[in-house]
Amino acid sequence: MSDQLNPTHTGRFSVTTAIDYPNGAPHIGHSLEKVAADAVARYHVLRGDEVAFVMGNDENSQHVVVAAQKAGETPEAWTDQMDVAFRRAWDALDVRPTDWVRTTEPRHVRAAQELYRRVVANGDIYQAAYAGYYCPNCNNFYSEEDLVNGHCPQHASVTPEYLEEENYFFRLSAYGDRLRELILSRDDFIVPAHRRAEVLGWIDQGLRDFSVSRSQRQDGIAWGVPVPGDDSQVMYVWFDALTTYLTGLGFPDDPERFDAFWPVDTHVVGKDITRHHCLYWPAMLLSAGLPTPRQVAVHGFLTLNGRKISKTDGNVIDPAEVVAEFGVDAVRYTLLRDVSFSSDGDFSREQLARRYTDDLANDLGNLLNRVVAMVGRYRGGVAPAAGEPGDLERELVEMARTARVTAEQQLAAWAPDRALEGIWTLVRRTNQYLEERQPWKLAKRPEAQADLDTTLAFAVEAARVISILTSPFIPGAAAKIAGQLGIAPAAPGDWSAAAFWAGPPVGQLVPAGPLFPKLEEAIEPVAP
RNA sequence: GCCGACGUAGCUCAGCGGCAGAGCAAGGGACUCAUAAGCCCUUGGCCGGUGGUUCGAUUCCACCCGUCGGCACCA
């Protein structure tokens, strides 16, 4: 079954998210791709796959040095703090990577240098002058167009000096044809399709080499991965950052693990770094003689209340804050349900409250509550055995199958919103089923007790299936559903139990109150 | 300017050659197991505009109008 849906399915699955610059606390905008990757990773675990899910922080940037200085810290102390902050933020969202890479780790330095050596050996690195306007405050180069009236765009008082320095460059220009072939070789090498078209367009316009090192001398603080054979240079952002994906999967220290998980199944990235993941990275790997990724899934950005997320405008939401208010499952659900992965999507407190109330509390929570209550009231809390299914029961079973297949297909296509939409049709169908069978009426008729048993049994079973189907998205709530059904939460390999009568029999229920209690007060619209 | 997309119900979007769909929002109803929840019904669309291809176009093509991304060392 799984192999039909995903021809490359090998019993292993590897996925990465973009690594973040730890120059401040993570905001809700960072969360979408982490939560999406986590949901897909959890799904693969349920499928019984051995999963590697790599995340991390990009600590080698000169921006980090600047941020640390501003905070009066050493870069080491600063990145240690940020490391804790980021891990805590992802943990609060129930995002559980199997591997966490900091680019300052020795193993990553080894990985980046090894990759660099291989690319050098293939003749794709050369030395040339890099020229630009250098701002000592930013410790960064700007192009002439970047300057504002000759001043640094970040520091109006600074007039950046025109500097040239010898840097190393990667011969990206030589890889246009091979990259085009690679992208054309798989429909879903880049998803969604419009991103693929965009990248092919870039290739047609011609590729330029990019610099992969910077002089280390800038302001004395040694920071970054030294270029092999030239200690005066450190690797410049992309060469170093992209290599984290290799580091996390065991390159070069753990060849067994690396062989098992590389090439990675999917890199999940934001649309802003499409070019680097779809062109720079595959070209670097081709040069190094390493297999290229199977897929890059590009997601859009989140807006907040219809506006760009911006710290300077104060248009930000701290994930921890909304998690505290609505619960982690509601935040995950809203991110995954409301935001089309392929384009930008809006997030707002109102929308979060709406999803919480409509989908989670009313549809799902209330469904579980009424089922558990009826089994309690009519059958002493023990789920009865089903009798012969009728048409309605067969429809319900069919609906469950459709929901499961939809979830599978849509997750494979990186459309978690569609996957959830499909699962919710089963949630709604189960509520409808209860209205059609009206167990509360059957309970009053002595001759209808067998029908009541069947109805309750199918409703309980639907809840059990829903618990498994929803578990990649809202693991906490899914486990609570299982808990009230008196069964274990979904475990690795349990996806196949997401069908009627394919799982452990439900016996004694364990009522525990509303899954998603009604929100206390109406959420006030956020003032503009 | 160039490249790429998008304009379908009040909102968010699906459909992409054969009688316009979903969820939310709005209005009405029957019920009572349940978190005043759930269920049923209804309202609501010249499918951006104009031409063309076709027996037939929301769906394909061209142009126009409008909106938005990208155009490379800022991640």
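Order of the sequence lines sets the chain letters (A, B, ...), proteins ahead of strands, with each chain counted from 1. Predicted, not measured: the structure shown is a model, and the values here were computed from it.
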Undergrad: Indicate whether OP1 or OP2 belonging to B:rA75 is found under 4.0 Å from a side-chain N or O atom of A:Y236.
TA: yes

Undergrad: Quick one: do A:E421 and A:R428 make a salt bridge, cutoff under 4.0 Å?
TA: no

Undergrad: Charged N to carboxylate O below 4.0 Å: is that the case for A:R355 and A:D338?
TA: yes

Undergrad: Give none if B:rC60 has no partner; otherwise give the nucleotide forming a Watson-Crick or G-U wobble pair with it, both distances under 3.5 Å.
TA: B:rG52

Undergrad: My understanding is that a pair needs two contacts under 3.5 Å, Watson-Crick or G-U wobble. By that rule, which nucleotide pairs with B:rC31?
TA: none

Undergrad: Would you indicate what A:Y21 reaches in the nucleic acid, counting non-hydrogen atoms under 4.0 angstrom: base, sugar-phosphate, or nothing?
TA: sugar-phosphate

Undergrad: Partner lookup for B:rA14, please. Criteria are Watson-Crick or G-U wobble with both distances under 3.5 angstrom; report none if nothing qualifies.
TA: none

Undergrad: What nucleic acid atoms does A:N362 come within less than 4.0 Å of, heavy atoms only: base, sugar-phosphate, or nothing?
TA: sugar-phosphate

Undergrad: Scan residues 433-457 of chain A against RNA chain B and write down, sorted by residue number, each residue with any heavy atom closer than 4.0 Å; if none is found, say none.
TA: A:E435, A:W440, A:K441

Undergrad: Using the C1' atoms only, state how far B:rC11 lies from B:rA26, rounded to an integer number of Å.
TA: 12 Å

Undergrad: Are A:D58 and A:R102 close enough for a salt bridge, meaning some N to O gap below 4.0 Å?
TA: no

Undergrad: Looking at every strand, decide which applies to A:L515 at a 4.0 Å heavy-atom threshold: base, sugar-phosphate, or nothing.
TA: base

Undergrad: What does B:rG38 pair with, Watson-Crick or G-U, if both distances are under 3.5 Å?
TA: none

Undergrad: Between A:E33 and A:K271, does any NZ, NE, NH1 or NH2 come within less than 4.0 Å of an OD or OE carboxylate oxygen?
TA: no

Undergrad: Using a heavy-atom cut-off of 4.0 Å across all strands, would you classify A:F516 as base, sugar-phosphate, or nothing?
TA: base

Undergrad: So which one's nearest nucleotide on RNA chain B is more toward 5', A:L360 or A:D363?
TA: A:L360

Undergrad: Base, sugar-phosphate, or nothing: which does A:R377 touch, judged by heavy atoms less than 4.0 Å apart?
TA: sugar-phosphate

Undergrad: If you measure from the Lys or Arg side-chain nitrogens to the Asp or Glu carboxylate oxygens, is any gap between A:R404 and A:E408 under 4.0 Å?
TA: yes

Undergrad: Just call it for A:N60: base, sugar-phosphate, or nothing, with non-hydrogen atoms closer than 4.0 Å on any strand.
TA: nothing

Undergrad: Reckon A:L367 touches a base, only the sugar-phosphate, or nothing at all at heavy-atom distances under 4.0 Å?
TA: nothing

Undergrad: Would you indicate what A:W202 reaches in the nucleic acid, counting non-hydrogen atoms under 4.0 angstrom: base, sugar-phosphate, or nothing?
TA: sugar-phosphate

Undergrad: Between A:D188 and A:R196, does any NZ, NE, NH1 or NH2 come within less than 4.0 Å of an OD or OE carboxylate oxygen?
TA: no

Undergrad: Scan every strand shown for a Watson-Crick or G-U wobble partner of B:rA5, both distances under 3.5 Å, and answer none if you come up empty.
TA: B:rU67

Undergrad: Side-chain N or O of A:N366 less than 4.0 angstrom from OP1 or OP2 on B:rG38?
TA: no

